[in-house]
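Chain letters run A, B, ... following the sequence lines, proteins first and then strands; every chain starts at 1. All figures in this text were calculated on a predicted structure; none of them were measured in a lab.
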Amino acid sequence: MYQTISPRHIHRQTTTAHLAQTMRLLFKPVDDLQKEIDEMVSNNPAIELMEKRTCPTCHRPLGEHGSCPMCSHPKSNIQDEPVVYVSPREDFYGRGERSNEEMPDEPLASMTEELPEFVLRQISPELKPEDRRIAAYMLSNLDEDGLLEIDLYEVVRYFRVPLSRVKDIQHLIQRAEPIGVGSCTPQEALLAQIDVLRESAKVPELAEKIIRTGWELATHRQYRELAHLLGVPLKIIQQTMHFISENLVPFPARAHYGDTRDPSRKVGEVYHRPDIIISYLNDNPENSLVVEIVMPISGTLRINPMFREAIHEAGTEEQKESWKAYLERAELFIKCLQQRNHTMERLMRRLVGLQRDYILKGEKYLVPVTRFQISIELEVHESTISRAVAGKAVQLPNRRIIPLSSFFDRSLPARMVLKEIIDAEPHPLSDAELMALLADRGFPVARRTVAKYRALEGILPAQMRKPILREI
DNA sequence: CTATGGCACGGATT
DNA sequence: AATCCGTGCCATAG
């Protein structure tokens, strides 16, 4: 944003109207903010959008001080103080870009409306610019299960590019969340998931074999025939099938929608543009973290100086008044935006410092914090924090997009440890036993609560966890 | 009798 | 003031 006013200065001249509007803007996620800004810019002649300024070397938008935080900032060795800045960032589809290309943007099925965007956003950092159209085209042809409903050759013909290039793009898509999306068949989706899973856990060799050669039999639950075909004992087959049904999803998109196993993901809250992007400086894990507060516009807003001048030459007194009103509203709007960003910036600086391990090492390391505590530390009202957190999404360095509110989830670490325990124990443990083990690891919770956590994580009760097969 | 899920209560959080 | 979350009690299933 255009800043001639320091945040402290803003604070002093806060008025009630100002406050009210700041509140309104504060809890708006980027999507809504974009509409808000668009409307203001097109209706109010006093405000204008400066052209975007991008860094000449890395093409990222410049930070608010006119320097590029991504490449001109020296390597920071301050570990507790991440670089936080407000970033003007373009819509990922590129505004206006769509008009000169015949980007296929026919309406999608309502359920998957946001899936293509969601995926495109994840892969766009690795996607060559010239491949974006192809990726977007493929993503717009997903069915409601997240599988590609067109043939790869169709894409080849449409864009007249080599098949290998299309396959490369598909490979990229498959590895984005939900993993396996964009595959042509359920098998392909499963194999992609195995691929990704192997990076962090061991996967039975047999699983891949079953999917590759015996999938027909497996889907019909003809395990005996399958065992015979692969020359493996029936029992092993059953165990592997159990592994598959527990860990893999043949229809990637379903995991996010109707699946009651993961009630923490609500429909509509899943696929968001990130409001905040956390990444490594220059994408190098050696470097410190950079936190971008995303702005939905590609430039900076400011008062049009011409307009300010023009007021003196207003024809009638009436006109003068109305122009002044425009001017005031524009000023207010800009100040409120600045304050919103300032609040977000402070919040994220504190939060990232606090939850660094969570961001880098995983959910197990989340530090339990309440909004209330943060509000005291930042000396703002607790509702301010609530507003700032509500409905916002964060993209982590590993490209996962999660709700900002998960930073305040008290029970997440306990649930992750619970998962670990269950994964590790070959013998199914009852809730009471699990309770004891959790207590050992520093999570004293009631037996009843263990059951609730299990349910939250979609883990079946002990008896049902024996090698019984779930429907695929 | 044991293991679990449902319901509801109370305290903390928002 | 409304909502969320952990927990205790009790019914039910095996």
Roughly how many Å is it from CZ in F443(A) to P in dT7(C), rounded to a whole number? 13 Å

What is the distance from CG of D409(A) to P of dT3(C), rounded to the nearest Å? 19 Å

Which whole-number value in Å describes the distance from R447(A) CZ to dC10(C) P? 14 Å

Is the distance from OP1 or OP2 of dT7(C) to the nearest side-chain N or O of T449(A) less than 4.0 Å? yes

Under 4.0 Å between a Lys/Arg side-chain N and an Asp/Glu carboxylate O for E382(A) and R371(A)? no

Check the side chains of N341(A) and T343(A) for a donor-acceptor pair under 3.5 angstrom, ignoring hydrogens and angles. no

Closest nucleotide among dA3(B), dT14(B), dG5(B) to the T370(A) side chain: dT14(B)

Starting from the 5' end of DNA chain B, give me the residue, K452(A) or E433(A), whose nearest nucleotide shows up first. E433(A)

Between D431(A) and R448(A), does any side-chain N to carboxylate O distance fall below 4.0 Å? no

dT4(B) C1' sits how many Å from I422(A) CD1, rounded? 14 Å

If only side-chain N and O atoms of R454(A) are considered, is one of them under 4.0 Å from the OP1 or OP2 phosphate oxygen of dG5(B)? yes

In whole angstrom, what separates E382(A)'s CD from dA2(C)'s C1'? 14 Å

Report yes if a side-chain nitrogen or oxygen of Y453(A) is closer than 4.0 Å to either non-bridging phosphate oxygen (OP1 or OP2) of dG6(C); otherwise report no. yes

Have Q193(A) and Q174(A) got a donor and an acceptor in their side chains that come within less than 3.5 Å? no

Quickly work out the Q463(A) CD to dT2(B) C1' distance and round it to whole Å. 9 Å

Would the number of heavy atoms belonging to other residues, nucleotides or ligands and lying under 6.0 Å from OH of Y326(A) be above 12? no

How many Å lie between CZ on F372(A) and P on dG11(B), as a whole number? 18 Å

Base of dG6(B), side chain of R448(A) - is there a donor-acceptor contact under 3.5 Å? yes

Using OP1 and OP2 only, check whether a side-chain N or O of R371(A) sits under 4.0 Å from dT13(B). no

Whole angstroms only, please: what is the CZ-C1' distance between R410(A) and dT7(C)? 13 Å

